[in-house]
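Some notes on the structure that comes next.
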Amino acid sequence: MSDFGITGYGAYVPRLRIERGIIAEAHKWMAPGLKGQAKGSRAFCSWDEDAVTMAVEAARDALAGSSADALKAIYLASTTLPYADLLNASIVAGAISAPTGIAASDAGYSQRAGTSALLQALKGGEAALFIASDAPVGKPASVQEISYGAGAAAFTLGAEGVIARLVGKASVTDSFVDHFRATGQKYEYAWEERWVRDEGYAKLAPAAISAALADAGIGIDGVAYFAMPSQLRAVADAVAKSVKFGGSVVSGLENGVGYAGAAHALLQLALALETAKPGEKILVVGFGQGADALIFEVTEAITALPKRRGVSGSVADAVATDSYLRFLSFAEGIDVEWGMRAERSGKTQLTEQYRSAFQLEAFNAGQCAACNTIQFPQFQFCVKCQAPRKQFRQVPLADEPAQVLTSTADWLSYYPAPPLYCGFVQFDNGARLLMEMVDVGPKGIERGEKLRMVYRIKERDRARGYNRYFWKTTPIAAG
């Protein structure tokens with residue numbers, strides 16, 4: 001029996017990327033100063049992605065194909081959750097087939113919500129899944145728009161097979177305001193950078209680090225990796241230097257991701273775990289109205305951890321776009337005229353959604369006990385032999401290998417990211433169904449191309465503010 005700690009990790013970064021130079025070029029007439037920050041690319045959510053869908057994808061990576069049956073709790077941290085009064089973590093729990101007896105909670109209201117909630121989850125002492133998922137949005141032509149990104153990191157917690165145990169921790173709480181976003185507001189208000197750097201990061205972070213090192217009973221020379229996210233350039237390096245850290249400063253993921261808010265420190269932790277060796281220690285700092293400092297020691301169990309996509313694999317799996325207007329539209333920074341076809345009601349029948357949850361949430365097909373036909377959706381009777389549905393065996397499709405059987409690109413139907421790619425998907429277990437295909441890229445999609453399932457927003461009810469979630473397909477990146 002090992003000490004309680006992290007037993008697995010996973011990550012997700014949206015596939016869509018845009019070069020910062022494209023954003024800077026769009027605003028050169030009014031914000032020429034952005035040109036100096038036009039390096040690399042940043043990730044952004046497609047129209048059908050949000051903190052919940054990213055959380056599901058990161059959780060799937062952390063679970064690495066294993067069952068969620070043993071989980072006793074699920075924690076979700078974010079500053080951009082889609083619902084203010086609806087348990088967002090419950091949607092994630094349904095998508096990963098977590099048991100109904102699981103405890104679930106949401107955390108937010110600060111960009112160190114990720115590290116603070118992880119500390120609370122580690123105190124729980126029971127098998128749990130912790131996820132930090134965020135997609136902060138910057139006002140058009142702002143520094144935030146060009147530097148922000150999106151992503152999610154997930155960690156399984158338990159007492160068996162611990163790959164990293166918490167050996168030191170400390171928190172400092174201070175009402176230092178570096179930025180804020182009022183309730184009901186879309187964009188934040190940020191204060192002057194030099195003040196935030198010199199009075200915030202430079203003083204609060206070292207205080208938390210010093211206390212965490214004392215708690216661990218080690219000096220800074222005992223730490224191999226230092227991870228601290230910041231919206232400001234070179235702040236992590238400056239803090240590391242101020243505490244006399246001589247190890248490896250974990251990449252800030254500026255290129256390919258961008259600053260991912262409450263999820264960023266945990267993305268860096270997941271990135272460090274990809275290369276960390278047994279016995280090495282990782283120092284993670286979260287900043288926001290104070291600071292959290294967590295020190296993890298990597299164990300021998302990490303060498304036996306099954307391979308996963310992780311941060312590196314997710315960052316490499318990119319689909320580039322050169323359209324600033326598409327990027328702006330997905331962030332709802334522009335109100336586009338979509339025509340009369342977009343005027344249909346997106347109202348979800350909540351009663352039917354609840355009744356069909358057993359097959360919709362975790363994407364379960366039914367296999368007829370009489371003729372073995374696998375079918376989705378699951379009707380009251382088998383589509384082949386008319387046997388009653390009560391005899392069906394539940395067959396998960398979310399992780400089942402699949403490929404394109406047929407496809408079409410529809411430019412006529414209303415779709416927020418035209419064209420709408422859809423077609424028949426052939427699963428290796430024999431299931432076949434018509435599905436939407438997303439993040440296809442400019443080359444299109446071909447018959448026989450390998451696919452994986454992704455959890456997305458199927459339709460937005462903009463009149464009522466409700467999202468209907470379901471599963472879609474996306475091409476598997478070459479290599």
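What you see below is based on every heavy atom in this structure, not just the backbone, and it leaves out hydrogens, waters and symmetry mates.
Contact annotation: the side chain of Asn364 never approaches that of Phe358 to less than 4.5 Å [non-hydrogen atoms, C-beta and beyond]. The closest side-chain heavy-atom distance from Leu283 to Tyr225 is not below 4.5 Å. Using a 4.5 Å heavy-atom threshold, the side chains of Asn429 and Leu397 count as touching. Under the 4.5 Å side-chain criterion, counting only non-hydrogen atoms from C-beta, Ile163 is not in contact with Val298. Between Thr473 and Gln403, the closest side-chain pair of non-hydrogen atoms is not below 4.5 Å. You'll find the side chain of Thr79 stays beyond 4.5 Å of the side chain of Ser110, heavy atoms only. For the pair Leu129 and Ile96, the minimum side-chain heavy-atom distance is below 4.5 Å.
Heavy atoms from other residues, nucleotides or ligands lying under 6.0 Å from CD of Glu446 number 12 at most. Within a 6.0 Å radius of NZ in Lys186, more than 12 heavy atoms belonging to other residues, nucleotides or ligands are found. Residue Tyr109 places its OH atom among 12 or fewer non-hydrogen atoms of other residues, nucleotides or ligands, all under 6.0 Å distant. Within a 6.0 Å sphere centred on CD of Glu193, heavy atoms belonging to other residues, nucleotides or ligands number 12 at most. Other residues, nucleotides and ligands place more than 12 heavy atoms under 6.0 Å from the NZ atom of Lys281.
In this structure, Arg308 satisfies the cation-pi test against Tyr9, with its NZ or CZ atom closer than 6.0 Å to the six-membered ring centre and inside 45 degrees of the ring normal.
Smallest separation of non-hydrogen atoms from Arg112 and Gly286: CB-C, 3.8 Å. A pairwise comparison of heavy atoms in Ala362 and Ser97 identifies CB-OG, 2.9 Å as the closest pair. Between Tyr75 and Ser105, the shortest heavy-atom contact is CD2-OG, 3.4 Å. In plain terms, the two heavy atoms of Ile102 and Ala73 that are nearest each other are CG1-N, 3.4 Å. Residues Tyr187 and Arg181 come closest through the heavy atom pair O-CG, 3.8 Å. Residues Gly8 and Leu305 come closest through the heavy atom pair CA-CD1, 4.2 Å.
Considering CD1 of Ile23 and CD of Glu145, their distance stands at 5.5 Å, rounded to 0.5 Å. To the nearest 0.5 angstrom, Leu16 atom CG is 5.0 Å from Asp439 atom CG. The distance from atom CD of Gln120 to atom OG1 of Thr115, rounded to the nearest 0.5 Å, is 11.0 Å. Rounded to the nearest 0.5 angstrom, Leu119 CG and Leu294 CG are separated by 4.0 Å. Taking CG from Leu433 and CD from Gln426, the interatomic distance works out to 9.5 Å, rounded to the nearest 0.5 Å. We find the CG-CD1 distance between Leu118 and Ile131 to be 12.0 Å, quoted to the nearest 0.5 Å.
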For Gln231 and Gln144, run side chain to side chain contact (heavy atoms under 4.5 Å, CB included): C-alpha distance rounded to whole Å, both residues' side-chain angles, the deciding distance at 0.1 Å, then the answer. CA-CA 8 Å; Gln231 303 176 41; Gln144 288 75 25; 4.3 Å; yes

Set out, in order, the CA-CA distance, both residues' side-chain angles and the distance that settles side chain to side chain contact (heavy atoms under 4.5 Å, CB included) for Glu192 and Arg197, then state yes or no. CA-CA 9 Å; Glu192 195 268 328; Arg197 182 189 65 231; over 6 Å; no

Show your reasoning for whether side chain to side chain donor-acceptor pair (under 3.5 Å) applies to Tyr469 and Asp50. CA-CA 11 Å; Tyr469 296 93; Asp50 61 11; 2.7 Å; yes

Between Val13 and Met54, is a side chain to side chain contact (heavy atoms under 4.5 Å, CB included) present by the stated rule, with each step listed? CA-CA 7 Å; Val13 177; Met54 292 193 298; over 6 Å; no

For Phe287 and Phe176, run side chain to side chain contact (heavy atoms under 4.5 Å, CB included): C-alpha distance rounded to whole Å, both residues' side-chain angles, the deciding distance at 0.1 Å, then the answer. CA-CA 10 Å; Phe287 181 83; Phe176 179 86; 4.2 Å; yes

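If you look at Phe470 and Tyr455, their ring centroids are not closer than 6.0 Å. Between Phe44 and Phe327, a ring centre-to-centre spacing shorter than 6.0 Å is recorded.
Glu57 has a carboxylate O that lies under 4.0 Å from a charged side-chain N of Arg60, or vice versa, which qualifies the two as a salt bridge. One finds a salt bridge joining Glu49 and Arg456 here, because a Lys/Arg side-chain nitrogen approaches an Asp/Glu carboxylate oxygen to under 4.0 Å. Ionic pairing of Arg452 and Asp317 is present here: one or more N-O contacts between side-chain nitrogen and carboxylate oxygen are shorter than 4.0 angstrom. With respect to the salt-bridge test (charged N to carboxylate O, under 4.0 angstrom), the residues Asp48 and Lys458 do not qualify.
A donor-acceptor pair shorter than 3.5 Å can be found between the side chains of Arg15 and Thr474. Between the side chains of Tyr324 and Glu19, no donor-acceptor pair of N or O atoms lies under 3.5 Å. With hydrogens and angles left out, the side-chain atoms of Glu254 and Tyr259 include no donor and acceptor closer than 3.5 Å. Counting only N and O atoms by type, the side chains of Ser133 and Ser78 include no donor and acceptor under 3.5 Å apart.
Remark: of the listed residues Leu213, Ile209, Leu166, Leu213 is the sole one forming a side chain to side chain contact (heavy atoms under 4.5 Å, CB included) with Ile295. A side chain to side chain contact (heavy atoms under 4.5 Å, CB included) with Phe226 is found for exactly one of Val250, Ile220, Ile282, Val239, namely Val239.
In this structure, Tyr83 and Tyr466 have tilted ring planes: the angle between them lies in the 30° to 60° band.
Residue pairs meeting the salt bridge (charged side-chain N to carboxylate O under 4.0 Å, His left out) criterion with at least one member in residues 203-228, sequence neighbours excluded: Glu199-Lys203.
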